[in-house]
Amino acid sequence: MLTINQIRENSDFIIERLKVKNFKADEIIDRIIQLDTSRREIQAKTDSMQNEMNRISKEIGSMMKEGRKDEAEAAKQKTYSLKEEIKILSEKIGPVENDLRTEIIKLPNLPHESVAPGKSAEDNVLVRQGGTIPEVSDKALPHWDLIKKYDIIDFDLGIKLTGAGFPVYLGKGAKLQRALISFFLDEGVKAGYKEVMPPIMVNEDSGFGTGQLPDKEGQMYHATLDNFYLIPTAEVPVTNIYRDVILNADVLPVKNIAYTPCFRREAGSWGAHVRGLNRLHQFDKVEIVRIAHPDRSYESFEEMVTHVESLVARLDLPYRIIRLCGGDMSFTSSLTYDFEVWSAAQKRWLEVSSVSNFESFQANRLKCRFKDKGDKQTRLVHTLNGSALALPRIVAAILENNQTEEGIKVPEVLIPYTGFDMIS
RNA sequence: GGAGAGAUGGCAGAGUGGUCGAAUGCGGCGGUCUCGAAAACCGUUUUUCGCCUAUCGGCGGAACGGGGGUUCGAAUCCCCCUCUCUCCGCCA
């Protein structure tokens, strides 16, 4: 969420910038400023009455000590009406604060200045492209056929055990998963990220912290007996490490990397685009999360993009990097680059990573702040995250792009991890 | 699942109705001493909201797990909730 100070000080700028996200903010902002003004008025009044109240109470205290009982009794009389007024006022402030909050959380994050306006994916901007799109024969199989041919992933078995969207990885398929996870983690650690292995269930507070709750409740699996949620991404537990925390500026940027399974309910949607590994209820992902100094968060962003790019490049996957336009970005993001890899048999680009800078939007909700050395005041940090990488579509692309008569060639960088160079 | 104990500042830990935002210790920061460091000594060290101020800053409110209550006055008394720990049971 945006801070009230941001809104109050830059209301025109905010209205202008949110147009890029096709969001009409003027009426909401008017209401916010009105609510905030009345909140301040009430606050100022109660504060001064409370001050008076405290003063009298202290007097009564010393009168009692000195045995001036009658005077104390008289002073008590004075407090009754004051107490009543304070009660009335303080009952007013709660609802005003609630209304203010409900209005503020309606406002999406401001897009970065580089974000183009636009309505949908059509208006996204190609940042750059890399690798070469492989020539595959007309007989090339989509990955959902390849996995059957080589018996490496079994969807039907997953249906038996759990349900649709919970695949079972078998033999070399399972090993390939493990190899990718290790490769991604090792590369991250080499790049200075600290490996974290968090719980994959979180409590309600954590769900709120990163914004899954209350709005997107239906997207998470909910263990109701204990009121825990299965995480949709490692972003949730890893970012919540820094909930209600004040960091020293010298630890920034914090760089964490975590592998976790991810769980998404994602109801709806059928057809070729969600076939096979394209969309699952459970999948594996390595996530990078950064907590950055607000003055340097875009340096962090660039480093993350470069890191993710090096991963897809080293896997020899043709890729492109896309800057999402205002209309295609998430509510919470300021800048998002999507990474897509080419899937030869499906003949389309598959999204495998999304790197975002949330600036202080998420930090404000999390109450994650930092202090510069010697500084008295706290400031909100910037948070960033990105997939590095999500496995299923990477696997899909590897299978489809690397298929040969003899089998599927394992990317060179993975061979030390798999121990085999061919799935056949 | 059963029984009990507890929740106070970065940590440890005191505080059972009246200058308590909170003793003390540790840690952190600044300084004295030193060529430098350690030790010792001195000082400093929670967060948040509002008002005033060009700024430095000043004044005031709130917060001792969360919510409610009693009272002129609550960290302290009462009620509800949440969480943590210990022992037993079960168990990878």
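Throughout, protein chains are lettered first and strands after them, A, B, ... in sequence-line order, and every chain is numbered starting at 1. Just so you know, these numbers come straight off a predicted model, no measurement behind them. Every heavy atom of this structure was used, including side-chain atoms; hydrogens, water molecules and symmetry mates were not.
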Just by distance, with hydrogens left out, do Q6(A) and N10(A) show a side-chain donor and acceptor under 3.5 Å apart?
no
Give S57(A) one of three labels, base, sugar-phosphate or nothing, depending on what nucleic acid heavy atoms sit under 4.0 Å from its own.
base
So R55(A), base contact, sugar-phosphate only, or nothing? Heavy-atom distance under 4.0 Å.
nothing
Nearest-nucleotide comparison on RNA chain B, the residue closer to the 5′ end among T378(A) and K83(A):
T378(A)
If you pin M53(A) and I246(A) to their nearest nucleotides in RNA chain B, which one's is more 5'?
I246(A)
Identify the nucleotide, in any strand shown, that forms a Watson-Crick or G-U wobble pair with [N], with both distances under 3.5 Å; if there is none, say none.
| N | value |
| --- | --- |
| rC41(B) | rG31(B) |
| rC85(B) | rG4(B) |
| rG21(B) | none |
| rA74(B) | none |
| rA62(B) | rU47(B) |
| rA14(B) | none |

Does the ring-ring contact (aromatic ring centres under 6.0 Å, His included) test come out yes or no for H307(A) and Y193(A), once each step is laid out?
CA-CA 11 Å; H307(A) 179 71; Y193(A) 290 86; 5.6 Å; yes
Nearest whole Å is fine: how far is rG66(B) P from N203(A) CG?
16 Å
Does the plane of the ring in Y229(A) sit parallel, tilted or perpendicular to the ring in H222(A)? Use 30° and 60° as the thresholds.
parallel
Within the modelled atom types, does a donor on one side and an acceptor on the other bring the side chain of D47(A) and the base of rG60(B) under 3.5 Å apart?
yes
